[in-house]
Student: 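Have a look at this one before I ask anything.
Here is the naming used below: chain letters follow the sequence lines, and residue numbers restart at 1 for every chain.
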2 protein chains.
Amino acid sequence: MNDTRFEDALVGTLRAAPAFAATSRDERARALVAMAARLDAHRDELVDLARVETHYSVEVLTGELQRTTDQLRFFGDVLEDGAYLERATDTDRGPADVHRLLVPLGLVAVFGSSNFPFAYGVAGGDSASALAAGCVVLVKEHPSHPLTCRAVLALLKEGLVECGLDADTINMVGGFDAGAALVTAPAVHAVGFTGSTAGGRALYDLAANRPSPIPFYGELGSLNPVVVTAAAAVERATAIGELLADSVLQRAGQMCTKPGVILVAEGGAGDEIVRTMDARFEVQEAVQLLNPTVRDQFVAGTRSLAADAAVRLVGGSLAPDSAAGAVRPALFEATSGEFEGVASLSEVFGPTSIVLRYRDASDARALLAELEPALVGGVHAATGDDPDAAELVQAILPGVGRVVWNAPTTGLAVGWATHHGGGYPASTSAHSSVGASAIRRWLRPVSYQGVPERFLPADLGAEGTAHRVDGVLSGVAASR
Amino acid sequence: MNDTRFEDALVGTLRAAPAFAATSRDERARALVAMAARLDAHRDELVDLARVETHYSVEVLTGELQRTTDQLRFFGDVLEDGAYLERATDTDRGPADVHRLLVPLGLVAVFGSSNFPFAYGVAGGDSASALAAGCVVLVKEHPSHPLTCRAVLALLKEGLVECGLDADTINMVGGFDAGAALVTAPAVHAVGFTGSTAGGRALYDLAANRPSPIPFYGELGSLNPVVVTAAAAVERATAIGELLADSVLQRAGQMCTKPGVILVAEGGAGDEIVRTMDARFEVQEAVQLLNPTVRDQFVAGTRSLAADAAVRLVGGSLAPDSAAGAVRPALFEATSGEFEGVASLSEVFGPTSIVLRYRDASDARALLAELEPALVGGVHAATGDDPDAAELVQAILPGVGRVVWNAPTTGLAVGWATHHGGGYPASTSAHSSVGASAIRRWLRPVSYQGVPERFLPADLGAEGTAHRVDGVLSGVAASR
């Protein structure tokens, strides 16, 4: 790519890398907190920009920005804790001491998503974890919300400068060609990506087929199966139907954790779940999707399902075939044994889902085994004894990175126990893009054998953080 | 691949996966110890088989087998410790508790190396760490030492059966086509590979370009630069020359950690290092390499270096161009500024290395920056103050996974602080193939949100192992 602005951004960011890698954990934690404070201080103008660019409500965007700044501060906590360094020392396995710890990779490329302009955007989890790791970041500007991207970037740079750090620690490049150029640039050490399966796979292939391949941490499409046991349907069909409809329709169905396929037992209680969902879908106003591509894919995906003779449209309606405009939600239903497309179901972004009616737990298990891997799976079971609960929890586990019990799969707390990943196409790697362990993606281990203390990284001497010495993990709280 | 033996091995191993994944850490640790005991008990016959197939000495192979059984027992220690599970629980980030831990991936394919029939073979680090993780293993039989592979496999199966486990927990497939078939089989979840850059890259490409890509943990070729400071050369030229020559010639130069390029300052002290190495090379007897492919590549690689007008053959001699037979070692030398092939140097397996003569520390730093990434780098510095030591340690770090100070790069202790990996082509992943963290390659994280305790994996309740609760890492030894 012969673009001087791209080259300038790449060279400028690269130049900032050594100094940023040499910052202390304290310095980086302070910078993350300063960035969060800048974003919080400009909440109203950021939310207003994003509202225009995404059609999300002020309430939705305000919540998302809060989650985003909480996430920046959370990685400050991860730095303070220091266990992410994985410090280990062996004094008993050879003539010289061996120390191991993780060090930053260098320059990380970040592709944010269309559907979370803040939490998976310029200041999202990939950037926050990469900066925490000590890596400099080059972001691909999202064409769906460029003004939001630029406003966030400017505030992050203000936060860096306020802390005495180089504004070039994070930069951004735009334009369609910039994506491939970023992933193939020899100076880029790793990629974080959140987006569609088609776009993500194309970039993944570029990363894997480089002369020197680099890790591509992609979160692509995800079906997120939810199964309702027969006993749960009998116990609380209406409550489950409402919860599932709201979960599907949240953010106009533009959630990576949206239940894309819902398994409900045949019979009257299951019918009541579908009727309840249907009623929610019917009163849902038409919504403007994030951008023309999302809308086109929603129209194509729902029309393709509707064209299957074994699939019934039970709630909402099909979107008109016009080039633009708001869309109505669409709920589909199919019966196990009649519908042959289970194994080829894949994510349709937007306000739609398909309910698969199963005969018994063993049939539900067989259907789950046919589905592609996913970020998350949900189980709704009876509150008391439920004869099918154990079997269906086991059946949903192999394909998902998170199992949710009697609660919506949508929504994800950012914490130490968070995992947001799954088999392909949900993720291109087992590593999480959300939560404390996301930082590990931007680090590499180094062992120092017999190297004098004066040449060792300062982090090896960190007091009060986890350190495994001759096999014994210590330097942390005692057993509780 | 239409081979019923391959299919039988794949299906048999896959059938053993659920039961093995459900074993306790105790059961797997006992099985690893039992396997180690079987191998130790048959040491003489194993060493004898491998001696014939590899041309290594009884002493070399006895040491390697010991390291291999120690490694099996070490992964027993890793299981007992339990921190590898990365247990975390958040009670304070949402309405329901979230637990996270790592669970086994399933079926792992293992490709052992030609040069370590035991330590990187059927019972080597990849198999040991995969079995420890709770994964079943399908090994590719190495064509260079098939009888050793089969004898080791039979003993591992005996160890499994002795512990009441399924003999199909580990199986083996042979034949050239079996490699590609293994890497592309939908049932295979991950690959461990140790071997050449050409072969490894071909399999890596197959893994990355699958419809559902899988992780390919490959250790390919590595140059392993060693730099001798000017002060070190003045202080102890003879000792360093002897150490380096022995390191290059160990196992006939067939070590993944062999110093492939040695940076020595111009001038008299540096000349003395080269003279000392030369003397060691001259008295070295001709050696039989591992197999015809290794020999052919050694002949081609050394002849290619010798054909460069800027490269001098200073020790040993070029191998005769016959199709078989023992080879003599060959030591090359080139002067910085005259030799233009620094950036394209790559591993030549076998008893050879090239000494690059540099002008000053800044020149040495520039040469190091041109070299491809490597598993390990060595620095030989003066024992007292050395004006160049800090600069050269920093210069070698970016490209290597391990830095060794005043000691040979060859040889690797298996421990908690071990890292054996590096940038491409040394590794295709930042993850280590040796040491405690090697187990992580065969695991994936799962989060359980609100799932009742009776459905959680038993490992979540493990007493006395590391557990991060609401951000506080505990259940381990207090600060020491």
Student: Looking at chain A, which one of B:Arg210, B:Arg87, B:His420 has the largest number of heavy-atom pairs inside 4.5 Å, strictly under?
Tutor: B:Arg210
Student: Within a strict 4.5 Å, meaning less than it, do heavy atoms of the B:Pro213 and A:Arg201 side chains meet?
Tutor: yes
Student: May I ask you to name which of A:Val376, A:Val451, A:Val379 has the most heavy-atom pairs under 4.5 Å with chain B?
Tutor: A:Val451
Student: For B:Pro373, is it the side chain, the backbone, both or neither that has a heavy atom under 4.5 Å from a heavy atom of chain A?
Tutor: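 When you check distances to chain A, no heavy atom of B:Pro373 falls under 4.5 Å.
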Student: Tell me, out of B:Gly378, B:Ala190, B:Pro211, who's got the most heavy-atom pairs with chain A below 4.5 Å.
Tutor: B:Pro211
Student: If you tally heavy-atom pairs under 4.5 Å against chain B, which of A:Ala407, A:Ser432, A:Pro398 wins?
Tutor: A:Pro398
Student: Do you know which two heavy atoms are closest between A:Ala208 and B:Tyr204, and how far apart they sit?
Tutor: O-CE2, 3.3 Å
Student: With side chains defined as the heavy atoms from C-beta onward, is the minimum distance between B:Val98 and A:Thr418 less than 4.5 Å?
Tutor: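 A side-chain contact is absent here, since even the closest heavy-atom pair is not under 4.5 Å.
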Student: Which heavy atom of A:Gly450 sits nearest to which heavy atom of B:Trp405, and what is that distance?
Tutor: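 The pair with the smallest heavy-atom distance is O-CD1, 3.2 Å.
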Student: Do side-chain atoms of B:Arg444 reach the backbone of A:Val400 as a donor and acceptor pair under 3.5 angstrom?
Tutor: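 Yes, the answer is positive, given that a donor and an acceptor are paired below the 3.5 Å cut-off.
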Student: Measuring from B:Trp416:CH2 to A:Leu473:CG, what's the distance to the nearest 0.5 Å?
Tutor: 9.0 Å
Student: Please look at A:Phe74 and chain B and tell me whether the side chain, the backbone, both or neither of the residue comes under 4.5 angstrom of a heavy atom of that chain.
Tutor: side chain
Student: Could you tell me which of B:Leu397, B:Asp77, B:Leu101, B:Thr428 has the largest number of non-hydrogen atom pairs under 4.5 Å with chain A?
Tutor: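 Result: the option with the highest number of such pairs is B:Leu397.
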Student: Which atoms of B:Asp205 come close to chain A, meaning under 4.5 Å heavy atom to heavy atom: side chain ones, backbone ones, both, or neither?
Tutor: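 Just its side chain gets close to chain A.
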Student: So which of A:Ala413, A:Gly401, A:Gly423, A:Gly422 has the largest heavy-atom pair count under 4.5 angstrom toward chain B?
Tutor: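 Top option by heavy-atom pairs under 4.5 Å: A:Gly401.
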Student: Any luck finding a side-chain donor-acceptor pair between B:Ser437 and A:Arg100 under 3.5 Å?
Tutor: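 On atom types as modelled, these side chains qualify, holding a pair under 3.5 Å.
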Student: Please state whether the side chain, the backbone, both or neither of B:Arg440 comes within less than 4.5 Å of a heavy atom of chain A.
Tutor: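 Looking at B:Arg440, just its side chain touches chain A.
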Student: Are any non-hydrogen side-chain atoms of A:Val472 and B:Asp81 less than 4.5 angstrom apart?
Tutor: no
Student: Not counting sequence neighbours, list each pair that qualifies as a side chain to side chain donor-acceptor pair (under 3.5 Å) and has a residue in residues 445-455 of chain B.
Tutor: A:Arg402-B:Gln449
Student: Does a side-chain heavy-atom distance below 4.5 Å link B:Glu86 with A:His419?
Tutor: no
Student: I'd like to know whether CD of A:Glu370 has more than 12 heavy-atom contacts from other residues, nucleotides or ligands below 6.0 angstrom.
Tutor: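 More than 12 heavy atoms, drawn from other residues, nucleotides or ligands, come within 6.0 Å of this atom.
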Student: Check whether A:Arg93 reaches the backbone of B:Val414 with its side chain - one donor and one acceptor, N or O, closer than 3.5 Å.
Tutor: yes
Student: When heavy-atom pairs shorter than 4.5 Å are enumerated against chain B, which of A:Pro215, A:Gly411, A:Ala207, A:Pro452 gives the highest number?
Tutor: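 Looking at each of A:Pro215, A:Gly411, A:Ala207, A:Pro452 in turn, A:Pro452 comes out on top.
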Student: Where on B:Glu372 is there a heavy atom nearer than 4.5 Å to chain A: the side chain, the backbone, both, or neither?
Tutor: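 No part of B:Glu372 comes within 4.5 Å of chain A.
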Student: Is B:His431 close to A:Pro445 at the side-chain level, that is, under 4.5 Å between some pair of heavy atoms?
Tutor: no
Student: Identify which of A:Gly94, A:Ala96, A:Gly471 forms the greatest number of heavy-atom pairs closer than 4.5 Å to chain B.
Tutor: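 The option with the most such pairs is A:Gly471.
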Student: Under a 4.5 Å heavy-atom cut-off, does chain B meet the side chain of A:Ala381, its backbone, both or neither?
Tutor: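 Neither part.
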Student: Relative to chain A, which segment of B:Val393 carries a heavy atom at a distance below 4.5 Å: side chain, backbone, both, or neither?
Tutor: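 The side chain, not the backbone.
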Student: When heavy-atom pairs shorter than 4.5 Å are enumerated against chain B, which of A:Ile214, A:Val404, A:Val78 gives the highest number?
Tutor: A:Val404
